[in-house]
2 protein chains.
Amino acid sequence: MARQSNIQPKHSEFVGRFRHLGLRVTPARLLVMEALSAHGGHMTAEEIMQWTSARYPAINLATIYRTLDLLTSMGLVTQTDLGSGASSYELVGDTLHHHLVCQQCGAVMEVDDAALTLVRERLLRDYGFRADPGHMAIFGTCKGCLDASHHTIASATQR
Amino acid sequence: MARQSNIQPKHSEFVGRFRHLGLRVTPARLLVMEALSAHGGHMTAEEIMQWTSARYPAINLATIYRTLDLLTSMGLVTQTDLGSGASSYELVGDTLHHHLVCQQCGAVMEVDDAALTLVRERLLRDYGFRADPGHMAIFGTCKGCLDASHHTIASATQR
DNA sequence: ATCGCTGCAAAAGTTTTGCAGTCGC
DNA sequence: GCGACTGCAAAACTTTTGCAGCGAT
């Protein structure tokens, strides 16, 4: 049982990124990046907390939030609210996709970015607004709930 | 100074809508609808509270939330989180537009729906997902902050 | 008269902040 | 050693919930 990864800052791929940005390299920052990297999808602050505290018990939720704010402002991480009460965070540079959030059932689907490239170009050209490439939240109704609501509408007056 | 509008349920255009949905007509519900209607854009629960309590002081924030939940589930109102901590609510049927939220400065711009119609059709066809027609939140960077960040990047190592 | 809606108050959950000590540089 | 970063604890906010009473139908 080798005590191989007592943080080992030198061996993380993120050390270089932090240095390059002039940021101090700390366990908390590396662990937050590694949590997001390992998990792949979006995580809430609480989920990140659980992941990181498993290998570095002293870490504190407030630090997670402060770190996420920093990383977001540095462009390494994106913050999205998917309507679940808590914000979701995701690593920039992951597979590009956007979020379809069903307002009825709360399900979150992912759309490939390619389907939305045209919109991004249009927004940039017409509004000077650069949409985050992996970071649109589109609210609506998913297929399942759409069918269900048809039934509801058909017999709405019964309620 | 005529005391003309002591709620006057009968005269509100929303009474019929509520009745048709089988909902009771109450001051709180009418006032929430009227607040959203009068304001035009998106409002937070707190803003709605202020607007309504000005003409019906007894109203309570909890009621606002409960009412908004109901109206949302009835499809009369949409709920969006624009990243400001509190959710924003908007009347369905207002001029169709979507929201460009700048993550740097927090500004919220509106995009005409026409620019995004193609996306909506595509999402419906490919994913069976009906995007709310006046209700996409797109996060990114606005023109102003885009320029500013170019400067920052150019001299990033100074930090 | 019934049952849904509301006010009030308290709780739950998320995010922020102040401060003193610690650690990266 | 200096100043940034962190842990701890408490506060600030937003939203939800239980319950008793009121009010729309």
Side-chain angles (χ1 to χ4, degrees), chain A residues 6-10 12 14-16 18-33 42-50 52-53 56-74 77 79-89 106 157 159, chain B residues 6-10 12 14-16 18-33 42-50 52-53 56-74 77 79-89 106 157 159:
Chain A
N6 201 9
I7 299 143
Q8 297 288 71
K10 293 295 176 198
S12 168
F14 301 115
V15 174
F18 286 151
R19 289 254 160 75
H20 184 260
L21 291 168
L23 300 175
R24 290 194 177 176
V25 179
T26 68
R29 290 174 182 179
L30 291 173
L31 284 168
V32 169
M33 289 295 277
H42 24 79
M43 298 176 87
T44 64
E46 185 62 43
E47 288 167 341
I48 295 172
M49 175 67 182
Q50 284 170 20
T52 53
S53 69
Y56 184 56
I59 205 167
N60 189 278
L61 231 201
T63 303
I64 304 281
Y65 278 108
R66 280 186 286 226
T67 301
L68 287 170
D69 280 352
L70 177 73
L71 297 179
T72 298
S73 72
M74 285 291 146
V77 161
Q79 174 180 10
T80 320
D81 199 303
L82 300 177
S84 65
S87 292
S88 288
Y89 297 86
T157 30
R159 192 182 221 272
Chain B
N6 201 10
I7 300 143
Q8 297 289 70
K10 293 296 175 198
S12 170
F14 300 115
V15 175
F18 286 150
R19 289 255 159 75
H20 184 260
L21 291 169
L23 301 174
R24 290 194 178 174
V25 178
T26 67
R29 290 174 181 179
L30 291 174
L31 283 167
V32 168
M33 289 295 277
H42 23 78
M43 297 176 87
T44 64
E46 185 61 45
E47 288 168 340
I48 295 172
M49 174 66 183
Q50 284 170 21
T52 53
S53 69
Y56 183 55
I59 205 167
N60 189 278
L61 231 201
T63 301
I64 304 281
Y65 278 108
R66 280 187 285 226
T67 301
L68 287 169
D69 281 351
L70 176 74
L71 298 178
T72 298
S73 72
M74 286 288 144
V77 161
Q79 174 180 12
T80 320
D81 200 302
L82 300 176
S84 66
S87 292
S88 288
Y89 297 85
T157 31
R159 193 179 218 268

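Proteins come first, then strands; the chains are lettered A, B, ... in the order of their sequence lines, and each starts at number 1.
In this structure, Leu68(A) atom CG and dC5(D) atom C1' are separated by 15 Å, rounded to whole Å. Nucleotide dT15(D) holds its P atom 12 Å from the CD1 atom of Ile64(B), rounded to whole Å. Spacing between atom CD of Glu47(A) and atom P of dG13(C) amounts to 15 Å, rounded to whole angstrom units. What separates CG of Asn60(B) from P of dT15(D) is a distance of 14 Å, to the nearest Å. Look at CZ on Phe18(B): it is 11 Å from P on dT25(D), rounded to the nearest Å. Note: CD1 (Ile48(A)) to P (dT6(D)) measures 14 Å, nearest angstrom. Distance, Asp81(A) CG to dG13(C) P: 17 Å, rounded to whole Å. Between the CG atom of Leu71(A) and the P atom of dC5(D) there is a distance of 11 Å, given to the nearest Å.
As judged by a 4.0 angstrom heavy-atom cut-off over every strand, Arg66(A) is placed among the base-contacting residues. If you check every strand for non-hydrogen atoms under 4.0 Å, Leu61(B) touches a base.
For the pair Ser87(A) and dT15(C), the criterion of a side-chain N or O lying under 4.0 Å from OP1 or OP2 is met. Contact check, Tyr65(B) against dT15(D): a side-chain N or O comes under 4.0 Å of OP1 or OP2. One finds a side-chain N or O of Thr26(A) lying less than 4.0 angstrom from the OP1 or OP2 phosphate oxygen of dT6(D). Put simply, Arg24(A) has no side-chain N or O that comes within less than 4.0 Å of OP1 or OP2 on dT6(D).
Side-chain contact between Phe18(B) and Leu71(B) is present, with heavy atoms from C-beta onward closer than 4.5 Å.
If you take CE on Met43(B) and CG on Leu68(B), they are separated by 10.0 Å, rounding to the nearest 0.5 Å. Separation of atoms CZ (Arg29(B)) and CZ (Arg66(B)) is listed at 10.5 Å; rounding is to 0.5 Å.
Nearest to the side chain of Ala62(B), among dT17(D), dT6(C), dT15(D), sits dT17(D).
Of all the heavy atoms in Ala45(B) and Leu61(B), the pair that sits closest is O-CD2, 4.1 Å.
Of the residues Val77(B), Thr67(B), Thr80(B), Val32(B), the one that meets the side-chain contact (heavy atoms from CB on, under 4.5 Å) test with Tyr89(B) is Val77(B).
Of the two residues contacting DNA chain D, namely Ile59(A) and Ala45(B), the nearest-nucleotide position lying further toward the 5' end is that of Ile59(A).
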